[in-house]
Asks: 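Just dropping this structure here.
Throughout, a chain's letter reflects where its sequence line sits, starting with A, and its residues are numbered from 1.
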Protein chains: 2
Amino acid sequence: MTAADVETPAPPAKRPRKPRQRHVVRRVRERASYDRSDAYAILDAGLVGHVGFAVDGQPFVIPMLYARDGDRILLHGAIASRLQQQLAGGVECCLSVTHVDGLVLARSHFHHSVNYRSVVAFGKATAVVDPAAKAAALWHFVDAVIPGRAADARPADRSELAATSVLLLDIVDVSAKVRSGGPKDHPDDLSLPVWAGVLPLATKRGTPVAAEDLAPGIGFPDYLASRATG
Amino acid sequence: MTAADVETPAPPAKRPRKPRQRHVVRRVRERASYDRSDAYAILDAGLVGHVGFAVDGQPFVIPMLYARDGDRILLHGAIASRLQQQLAGGVECCLSVTHVDGLVLARSHFHHSVNYRSVVAFGKATAVVDPAAKAAALWHFVDAVIPGRAADARPADRSELAATSVLLLDIVDVSAKVRSGGPKDHPDDLSLPVWAGVLPLATKRGTPVAAEDLAPGIGFPDYLASRATG
């Protein structure tokens with residue numbers, strides 16, 4: 001995702017047969033995968049994705065909570081009304097999810113890089129309107145973030161479902177891209193007196209903060225204690 | 001960014017005067033800011049953004065390293081050739097940056113939420129072609145991630161600059177959106193026997209991993225030790 005992404009020239013144009021055009025990775029192709037299980041593992045490790053759509057050529061990218069449900073992505077969140085307006089016939093969307101795993105420090109500016117796992121998924125989003133499907137989606141959202149939570153908290157009632165916007169994105173095309181490991185310096189730079197290596201980065205959970213209005217005697221549930229990150 | 005985003009109905013349409021249409025936040029407007037200093041603080045705390053652009057109505061969202069330079073964003077990374085091809089006259093882009101600060105656990109599914117800080121910026125991206133400007137951009141990238149690093153590592157040489165793609169995004173319109181604090185439960189739910197509160201999330205740095213080919217005697221520099229996250 002940095003200069004290191006340009007360090008290895010792409011091989012002569014030889015397009016893979018199966019992947020469709022829009023999701024074919026063009027840079028540093030050896031880091032790419034079109035295997036859904038690779039992409040789904042990266043999606044399932046995430047919480048917030050960035051959803052892109054275009055209105056009259058103007059691109060919009062909105063952060064949204066997501067949860068995978070088979071070959072579909074449930075989307076929920078700051079659904080701008082501009083997106084809602086586009087939904088009648090389904091709107092082409094691009095969901096991108098990225099985990100940054102570390103800073104890769106090379107001896108040269110050029111070979112500095114980032115370790116990451118990313119997914120880019122394409123498909124049409126449609127609004128979920130059926131109340132039962134919406135309720136199921138909310139349940140799935142809550143449990144995808146914290147398994148066990150959905151059964152503990154109160155499910156949505158009718159008026160809440162009416163006020164809830166849920167989108168469904170069918171994953172038509174998907175690709176994953178991963179960089180891992182240490183810096184790949186130019187051989188001439190290995191003797192430079194510069195520290196090189198990786199500074200790992202990870203999302204960590206801090207100390208839980210109970211709600212100010214939490215009733216006395218309600219303990220911290222086991223299903224929360226077991227999960228380190230979102 | 002979740003059901004909580006729909007819990008507070010938007011006030012009757014009363015558009016702010018200054019912000020232009022495309023970056024006006026439509027949902028939970030009290031969380032929005034059009035103050036550049038708010039947006040820039042969120043941008044400066046980040047590393048990887050999601051850049052959206054459209055080609056013939058097809059949206060693409062690509063994770064890219066970025067660094068702010070005044071009212072401009074330097075972009076660098078997996079610049080798909082499809083984006084490069086669009087650049088001749090400048091291409092409309094939307095950059096979205098999101099920090100997830102915590103999981104907000106309410107007593108009901110509906111009021112579950114996420115604490116976050118996000119920015120959506122709009123402007124046209126153009127390619128940086130001047131080698132000196134490219135070199136300065138690379139220097140700025142390295143130092144934006146780890147202050148002090150650029151002076152330590154070897155700057156790019158001519159052939160590396162020729163192989164480097166840098167984009168410049170002028171920030172024309174920008175908005176920030178922030179949610180913080182605990183759950184906002186329905187009053188009727190406060191007596192439910194369900195733990196409620198926030199599980200804070202933050203990006204933390206792990207133990208540095210030296211490159212396998214690091215020459216003996218090269219110590220870990222002070223400027224790296226002082227920085228907790230990317």
Asks: Go through B:Trp195 and A:Leu214 one step at a time and tell me if the side chain to side chain contact (heavy atoms under 4.5 Å, CB included) criterion holds.
Replies: CA-CA 7 Å; B:Trp195 190 88; A:Leu214 187 66; 3.6 Å; yes
Asks: Grab the two heavy atoms, one from B:Leu47 and one from A:Leu103, that are nearest each other, plus how far apart they are.
Replies: CD2-CD2, 3.5 Å
Asks: To the nearest 0.5 Å, tell me how far A:Met64 CE sits from B:Ser96 OG.
Replies: 11.5 Å
Asks: Taking all atoms of both residues into account, what is the closest heavy-atom pair of A:Pro59 and B:Phe122, and its distance?
Replies: O-CE2, 3.4 Å
Asks: Which heavy atom of A:Ala106 sits nearest a heavy atom of B:Ala153, and at what distance?
Replies: O-CB, 4.1 Å
Asks: Taking side chain as everything from C-beta outward and backbone as N, CA, C, O, which of these in A:Gln58 sits under 4.5 Å from a heavy atom of chain B? Side chain, backbone, both or neither.
Replies: side chain
Asks: Could you measure the distance from the CZ atom of A:Phe53 to the SG atom of B:Cys94? Nearest 0.5 Å is fine.
Replies: 8.5 Å
Asks: For the CG atom of B:Leu201 and the OG1 atom of A:Thr203, what is their distance to the nearest 0.5 Å?
Replies: 7.0 Å
Asks: Looking only at non-hydrogen atoms, find the nearest pair between B:Pro193 and A:Asp152 and report the distance.
Replies: O-OD1, 4.4 Å
Asks: Identify which of B:Ala211, B:Gly219, B:Gly217 forms the greatest number of heavy-atom pairs closer than 4.5 Å to chain A.
Replies: B:Ala211
Asks: Taking side chain as C-beta onward, heavy atoms only, is B:Tyr116 less than 4.5 Å from A:Val48?
Replies: no
Asks: Heavy-atom distance under 4.5 Å to chain B: side chain of A:Asp189, backbone, both or neither?
Replies: side chain
Asks: Could you walk me through whether B:Arg154 and A:Leu192 pass the side chain to side chain contact (heavy atoms under 4.5 Å, CB included) check?
Replies: CA-CA 9 Å; B:Arg154 176 180 64 75; A:Leu192 291 177; 3.9 Å; yes
Asks: With a 4.5 angstrom heavy-atom cut-off, which part of A:Val120 approaches chain B: side chain, backbone, both or neither?
Replies: side chain
Asks: Picking from A:Ala156, A:Gly181, A:Ala150, which has the most non-hydrogen pairs under 4.5 angstrom with chain B?
Replies: A:Ala150
Asks: Identify the heavy atoms of B:Arg107 and A:Ala215 that sit nearest to each other, and give their distance.
Replies: NH2-N, 4.5 Å
Asks: Would you mind telling me which of A:Ser108, A:Gly182, A:Pro208 has the largest number of heavy-atom pairs within less than 4.5 Å of chain B?
Replies: A:Ser108
Asks: Looking just at side-chain N and O atoms, do B:His112 and A:Arg149 make a donor-acceptor pair shorter than 3.5 Å?
Replies: yes
Asks: Could you tell me which of A:Asp56, A:Asp213, A:Val61 has the largest number of non-hydrogen atom pairs under 4.5 Å with chain B?
Replies: A:Val61
Asks: Between B:His109 (side chain only) and A:Val142 (backbone N and O only), is there a donor and an acceptor less than 3.5 Å apart?
Replies: no
Asks: What is the distance from atom CG of A:Leu224 to atom CG of B:Leu105, rounded to the nearest 0.5 Å?
Replies: 5.5 Å
Asks: Return the option, out of A:Pro200, A:Gly102, A:Gly197, with the maximum number of heavy-atom pairs under 4.5 Å with chain B.
Replies: A:Pro200
Asks: Does any heavy atom of chain B fall under 4.5 Å from the side chain of A:Ser191, the backbone, both, or neither of them?
Replies: neither
Asks: What orientation do B:His50 and A:His50 show, parallel under 30°, tilted 30 to 60°, or perpendicular over 60°?
Replies: parallel
Asks: Calculate, to the nearest 0.5 Å, the distance between atoms CD1 and OG belonging to A:Ile62 and B:Ser118 respectively.
Replies: 8.5 Å
Asks: Select one option (side chain, backbone, both, neither) describing which atoms of B:Pro155 are under 4.5 Å from chain A's heavy atoms.
Replies: both
